[in-house]
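In what follows, a structure is listed as structure tokens, so that the remarks can point back to it.
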Amino acid sequence: MFSIEAVNDEERRDVVHARLRRSNSQLSAKLRGMRGTLDEEDPLQVYATDADGALAGGLIGHTQWGWLHLDLFWVDSRHRGAGLGSRLLACAEGLARNERGCIGSRVETWDFQAPGFYEKAGYRTVCVTEDYPPGITNYLLVKSLRSTAG
């Protein structure tokens, strides 16, 4: 017989995480080979300031599994449309590719935010989830960061 309970328990969460990680490593030689290297989250943050030193934009993400994960990305409305967002994104992608060996980048955005911006930057939509949250459409976009030279 089992007892089922819905509780927030950090200790048990950590046990489940460790056991799933161990199980995944046993099942996948590729994951086993990445343990202790590419599987760890490594923060990546890029900021822009204006001539007065005020924050004009910022991109907060991390690299993991050989991918850049874009978590938060904001450009002050006064600076939108001037290429600042593209410059921040290009900087983050360059760091991820050239310094961390990332092969791809991924981002989630909502329909009222920036799916078109990412598409113009070379991202392609791989998943669309309607009503996430209700009344809003969520997009998952990816981009290859592999070098096309050679």
Side-chain angles (χ1 to χ4, degrees), residues 6 8-11 13-14 16-18 20-25 27-150:
N8 293 329
D9 182 326
E10 287 188 40
E11 184 177 332
R13 181 204 63 207
D14 292 346
V16 168
H17 181 254
L20 177 62
R21 191 174 157 106
R22 183 175 37 234
S23 176
N24 288 344
S25 291
L27 294 169
S28 171
K30 290 192 181 285
L31 283 180
R32 230 181 356 266
M34 288 186 215
R35 292 290 180 222
T37 58
L38 292 177
D39 66 323
E40 300 301 323
E41 284 189 25
D42 192 5
L44 192 151
Q45 301 175 18
V46 181
Y47 299 101
T49 53
D50 64 18
D52 297 324
L55 187 62
L59 184 153
I60 300 167
H62 67 278
T63 55
Q64 184 180 32
W65 304 115
W67 280 71
L68 169 61
H69 299 255
L70 304 176
D71 300 320
L72 303 171
F73 192 4
W74 168 82
V75 174
D76 188 289
S77 61
R78 296 172 294 158
H79 304 294
R80 292 184 191 148
L84 180 57
S86 297
R87 290 176 56 200
L88 287 165
L89 182 59
C91 180
E93 290 172 348
L95 290 169
R97 178 183 51 250
N98 301 328
E99 295 184 14
R100 301 186 185 186
C102 289
I103 62 166
S105 178
R106 58 178 282 145
V107 62
E108 285 188 59
T109 190
W110 287 322
D111 54 1
F112 64 88
Q113 289 179 318
F117 167 80
Y118 292 108
E119 289 169 348
K120 287 179 189 173
Y123 286 72
R124 64 183 173 84
T125 301
V126 295
C127 181
V128 177
T129 308
E130 296 177 3
D131 287 325
Y132 184 74
I136 296 173
T137 301
N138 178 270
Y139 292 83
L140 172 62
L141 299 102
V142 298
K143 178 180 180 178
S144 174
L145 297 181
R146 294 176 196 254
S147 175
T148 57

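Computation of the quantities below employed the complete heavy-atom set of this structure, encompassing side-chain atoms and omitting hydrogens, waters and symmetry-equivalent molecules. These numbers come from a predicted model, not from an experiment.
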Original post:
Hey, is the main chain of E11 close enough, under 3.5 Å, to the side chain of D9 for a donor-acceptor pair?
Top reply: yes
Subject >> CA sep, side-chain torsions, deciding dist, call: W65, C102, side chain to side chain contact (heavy atoms under 4.5 Å, CB included) >> reply: CA-CA 8 Å; W65 304 115; C102 289; over 6 Å; no
**OP:** Output the distance between atom CZ (R21) and atom CG (D14), rounded to the nearest 0.5 Å.
**Re:** 12.0 Å
Subject >> A96 to T63 - nearest heavy-atom pair and separation >> reply: CB-CG2, 4.1 Å
**OP:** Compare all side-chain heavy atoms of D76 with those of L55 and state whether any distance is below 4.5 angstrom.
**Re:** no
**OP:** Would you check, one step at a time, whether the test side chain to side chain contact (heavy atoms under 4.5 Å, CB included) holds for F73 with V107?
**Re:** CA-CA 10 Å; F73 192 4; V107 62; over 6 Å; no
**OP:** Give a yes or no answer on whether the side chain of T109 reaches the backbone of A114 with a donor-acceptor pair at less than 3.5 Å.
**Re:** yes
Original post:
Within the distance-only criterion (no hydrogens, no angle test), does the side chain of S28 pair as donor or acceptor with the backbone N or O of N24 below 3.5 angstrom?
Top reply: no
Subject >> Test item: L141 and V126 side chains (from C-beta on) under 4.5 Å apart, heavy atoms >> reply: no
**OP:** Please answer whether the main-chain N or O of R124 pairs with a side-chain N or O of K143 as donor and acceptor at a distance below 3.5 Å.
**Re:** no
Subject >> Nearest heavy atoms of T49 and G53, plus distance in Å >> reply: CG2-O, 3.8 Å
**OP:** Verify the neighbour count for atom CZ of R78: are there more than 12 heavy atoms of other residues, nucleotides or ligands below 6.0 Å?
**Re:** no
**OP:** Please tell me if the side chains of Y139 and P115 come closer than 4.5 Å, counting only heavy atoms from C-beta onward.
**Re:** yes
Original post:
Taking all atoms of both residues into account, what is the closest heavy-atom pair of V75 and G85, and its distance?
Top reply: CG2-CA, 3.8 Å
**OP:** Mind telling me whether H69 and H62 have parallel, tilted or perpendicular rings, with 30° and 60° as the class edges?
**Re:** parallel
Original post:
R100 versus D42: any side-chain heavy-atom pair under 4.5 Å?
Top reply: yes
**OP:** For side chain to side chain contact (heavy atoms under 4.5 Å, CB included), just list the numbers for I136 and D131, CA-CA rounded to whole Å, side-chain angles, deciding distance to a tenth of an Å, and then say yes or no.
**Re:** CA-CA 5 Å; I136 296 173; D131 287 325; over 6 Å; no
Subject >> Beyond-backbone contact of Y118 with L70, side-chain heavy atoms, under 4.5 angstrom >> reply: yes
Subject >> I103 vs L145 side-chain heavy atoms within contact, under 4.5 Å >> reply: no
**OP:** Indicate whether any N or O donor in one side chain lies under 3.5 Å from an N or O acceptor in the other, for Q45 and Y47.
**Re:** yes
Subject >> Pairwise side-chain contact, L140 with R106, heavy-atom cut-off 4.5 Å (strictly under) >> reply: yes
Original post:
Any side-chain heavy atom of P133 within less than 4.5 Å of one from W110?
Top reply: yes
Subject >> Heavy-atom donor-acceptor pair, S144 side chain to R146 backbone, under 3.5 Å >> reply: yes
**OP:** Taking all non-hydrogen atoms of both residues into account, name the closest pair between V46 and C91 and its distance.
**Re:** CG1-SG, 3.9 Å
Subject >> Rounded distance [0.5 Å steps], NE2 in H79 versus CH2 in W74 >> reply: 7.5 Å
**OP:** Give, for atom OG1 of T129 and atom CG of N138, the distance between the pair rounded to the nearest 0.5 Å.
**Re:** 5.5 Å
Original post:
How long is the span from the CG atom in L59 to the CG atom in L72, to the nearest 0.5 Å?
Top reply: 8.5 Å
Original post:
To the nearest 0.5 Å, how far apart are OH in Y123 and CG in L89?
Top reply: 4.5 Å
